[in-house]
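Read the structure below first, then the notes.
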Amino acid sequence: ASRVQDLQTFAQGEIRQIGFFDQKSAFASSKVTGLQTVCDTLAGLNMPVSVLLASDMTGLTLSSIANLTSLTAPNVSVVISGDGKTTSTTGFGASRKVFYKKAFSVHALGAMLGAVALAKVHESIGWQTKFNMSDGDNLEEVEFLPSTSWAGAAASLKTQLNNYAYVYLIKEVDKAGTFWSSDKTAVAATSDYARIRNVRSIDKAVRGLRTKLLPLVSSPVYVQSDGTLPEDQIAVFQNAGNQIIGGEYNKSNASGSMVVAGELSAGRTIVDPLQDVLATGTVEVTAELIPVGAAEAIVVNIGFVASFN
């Protein structure tokens with residue numbers, strides 16, 4: 001896990017997502033929490049990053065795998081599936097069906113990393129229109145673990161994997177291609193950060209806000225005779241924030257914001273005029289974000305009726 005920090009530090013914080021391939025030891029929840037500790041450290045250094053983990057699972061079964069929703073690792077996602085095709089005339093050729101060709105499991109980490117990189121920060125890699133992982137040969141057949149194919153796995157185990165917040169490749173009836181199950185992270189399903197897209201969206205906002213507000217550090221702040229902040233002083237900080245996230249105030253200054261780019265449903269920057277800047281030397285800025293949702297499930301109610309009302 002320390003190598004993730006080394007890599008991001010060397011890149012001076014420019015990396016947004018990292019694929020971590022660990023084949024040397026069996027998968028365990030401690031690997032996830034260890035990576036999250038590194039992510040927390042990097043966030044404290046203003047270098048937030050998301051990590052996609054592929055670990056050796058050859059000795060595990062789907063029925064006994066750990067529940068990732070019991071963890072608090074919103075910056076880490078675990079991929080559990082890979083290419084299951086035995087032979088091929090293209091791609092990996094004779095090295096296909098990697099679960100059998102190697103002494104450890106090789107999951108589709110590269111494909112997932114590429115999908116996340118291609119996705120805009122608000123997009124789920126589970127969006128089937130945009131993220132078909134199969135070219136008709138590579139990743140056309142899917143395996144979870146050695147001897148456990150997509151077709152051979154019980155529906156209950158697939159549901160459990162999804163409920164446990166693993167990310168894996170799926171096949172659909174009557175639809176060609178191979179797709180991602182979701183973009184879940186290793187955290188409780190009720191968390192605001194239970195999806196990669198939400199983590200990436202807020203990380204982008206944090207990075208952008210810091211960049212826009214840094215020039216205002218130690219700048220003069222004028223107050224009114226009652227000690228409150230005047231409107232024009234408030235506007236200085238709100239406008240800086242809204243250039244990144246968008247907002248209610250001075251929308252003309254938010255032309256390149258995340259709201260305008262479709263990366264947030266809405267957002268605003270708030271500065272409390274009653275805060276005592278003279279006493280604290282600190283201006284507190286609040287950024288409120290409304291994320292973009294995703295149609296992860298579509299329920300159709302269908303039936304015969306006697307007439308249309």
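Quick caveat: nothing in here was measured; it's all calculated off a predicted structure. Hydrogens, waters and symmetry mates are skipped; everything else that's a heavy atom, side chains included, is used.
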Open item on the list: Does any part of the side chain of His122, heavy atoms only, come nearer than 4.5 Å to the side chain of Leu264, both counted from C-beta?
Closed with: no
Open item on the list: Same cluster or not: Leu68 versus Val187, using hydrophobic residues (I, L, V, M, F, W, Y) connected whenever any side-chain heavy atoms lie under 4.5 Å apart?
Closed with: no
Task: Under 3.5 Å donor-acceptor, Ser219 side chain and Leu216 backbone - done: yes
Open item on the list: When you group the ILVMFWY residues by side-chain heavy-atom contacts below 4.5 Å and let the links chain together, are Val38 and Leu45 in the same group?
Closed with: yes
TODO: Could you note down all residue pairs passing side chain to side chain donor-acceptor pair (under 3.5 Å) where residues 168-183 supplies at least one of them, sequence neighbours left out?
DONE: Gln128-Glu172, Glu140-Lys171, Lys171-Thr178, Asp183-Arg197
Result block: side-chain N/O donor-acceptor pairs under 3.5 angstrom for residues 10-21, not counting sequence neighbours:
from: Arg16; atom 1: NH1; to: Gly13; atom 2: O; distance (Å): 3.3
from: Arg16; atom 1: NH1; to: Glu14; atom 2: O; distance (Å): 2.8
from: Gln17; atom 1: OE1; to: Arg200; atom 2: NE; distance (Å): 3.4

TODO: Hey, could you give me the CG/CG distance between Leu139 and Asp83, rounded to the nearest 0.5 Å?
DONE: 5.0 Å
TODO: Evaluate whether atom CD of Glu296 has more than 12 neighbouring non-hydrogen atoms of other residues, nucleotides or ligands under 6.0 angstrom away.
DONE: yes
Task: Atom pair CG (Asp272) and CD1 (Ile234), whose distance is rounded to the nearest 0.5 Å - done: 8.0 Å
Open item on the list: Side-chain heavy atoms nearer than 4.5 Å, only ILVMFWY residues, links allowed to pass through others: does that put Leu7 and Leu52 together?
Closed with: yes
Task: All side-chain contact (heavy atoms from CB on, under 4.5 Å) counterparts of Thr190, not counting sequence neighbours - done: Ala188
Task: Side-chain donor or acceptor of Gln8 paired with backbone N/O of Gln5 under 3.5 Å - done: no
Task: Enclosure of Lys158 NZ (heavy-atom neighbours >12, cutoff 6.0 Å) - done: yes
Open item on the list: Tell me the closest heavy-atom pair linking Gln238 and Ile270, and the distance in Å.
Closed with: NE2-CA, 3.9 Å
Open item on the list: Which residues pass the ring pair (Phe, Tyr, Trp, His ring centres under 6.0 Å) test with Trp127, not counting sequence neighbours?
Closed with: none
Task: For the student: nearest non-hydrogen atoms of Leu118 and Phe131, plus distance - done: CD2-CE2, 3.9 Å
Task: Check: Val206 and Arg210 side chains under 4.5 Å, non-hydrogen atoms - done: no
Open item on the list: Is the shortest side-chain heavy-atom distance between Pro273 and Gln224 below 4.5 Å?
Closed with: no
Task: Residues in salt bridge (Lys or Arg N to Asp or Glu O under 4.0 Å) contact with Lys204, at least two apart in sequence or another chain - done: Glu263
Open item on the list: Could you check whether atom CD of Glu284 has more than 12 heavy atoms from other residues, nucleotides or ligands sitting under 6.0 Å from it?
Closed with: no
TODO: Taking the side chain as every heavy atom from C-beta outward, state whether Pro291 and Asn198 have any pair of such atoms under 4.5 Å apart.
DONE: yes
- [ ] Check the hydrophobic clustering (I, L, V, M, F, W, Y; side-chain heavy atoms under 4.5 Å; chains of links allowed) and say if Val78 and Leu161 are grouped together.
- [x] yes
Open item on the list: Which heavy atom of Lys130 sits nearest to which heavy atom of Ala119, and what is that distance?
Closed with: NZ-CA, 4.5 Å
Open item on the list: With a 4.5 Å cut-off on side-chain heavy atoms, are Val223 and Leu229 touching?
Closed with: yes
Task: Side-chain touch Val221/Gln233, heavy atoms, less than 4.5 angstrom - done: yes
TODO: Output the distance between atom CG (Leu42) and atom OG1 (Thr9), rounded to the nearest 0.5 Å.
DONE: 5.5 Å
Task: CD1 on Ile125 to NZ on Lys184, rounded to 0.5 Å - done: 12.5 Å
Task: Nearest atoms (heavy-atom pairs only) where Gly177 meets Asn132 - done: CA-OD1, 3.3 Å
Task: Cluster overlap Leu109 with Leu35, hydrophobic side-chain contacts below 4.5 Å - done: yes
Task: Gap separating the CG atom of Leu209 from the CG atom of Leu289, nearest 0.5 angstrom - done: 7.5 Å
TODO: Mind listing the closest non-hydrogen atom pair of Val167 and Ser77 along with its distance?
DONE: CG2-CB, 4.5 Å
- [ ] For Thr159 and Ala155, indicate whether the former's side chain and the latter's backbone hold a donor-acceptor pair under 3.5 Å.
- [x] yes
Open item on the list: Within the 3.5 Å criterion, strictly below it, is a donor on Gln36 or Asn75 matched to an acceptor on the partner's side chain?
Closed with: yes
Open item on the list: To check you understand the geometry: which heavy-atom pair defines the closest contact between Ser81 and Val142, and what is its length?
Closed with: CB-CG1, 4.0 Å
Task: Polar side-chain atom of Arg195 near backbone of Ala294 as donor-acceptor pair, under 3.5 Å - done: no
Task: Under 3.5 Å side-chain donor-acceptor pair for Asp135 and Asn138 - done: yes
- [ ] To the nearest 0.5 Å, tell me how far Phe27 CZ sits from Leu53 CG.
- [x] 6.0 Å
Task: Donor-acceptor pair, side chain of Ser64 and main chain of Leu60, under 3.5 angstrom - done: no
TODO: Establish, from distance only, whether the side-chain atoms of Ser30 and Thr33 form a donor-acceptor pair under 3.5 Å.
DONE: no
Open item on the list: When you measure from the side chain of Thr211 to the backbone of Arg207, do you find a donor-acceptor pair of N or O atoms at a distance under 3.5 Å?
Closed with: yes
Side-chain donor/acceptor pairs under 3.5 Å, residues 297-309, sequence neighbours excluded:
none

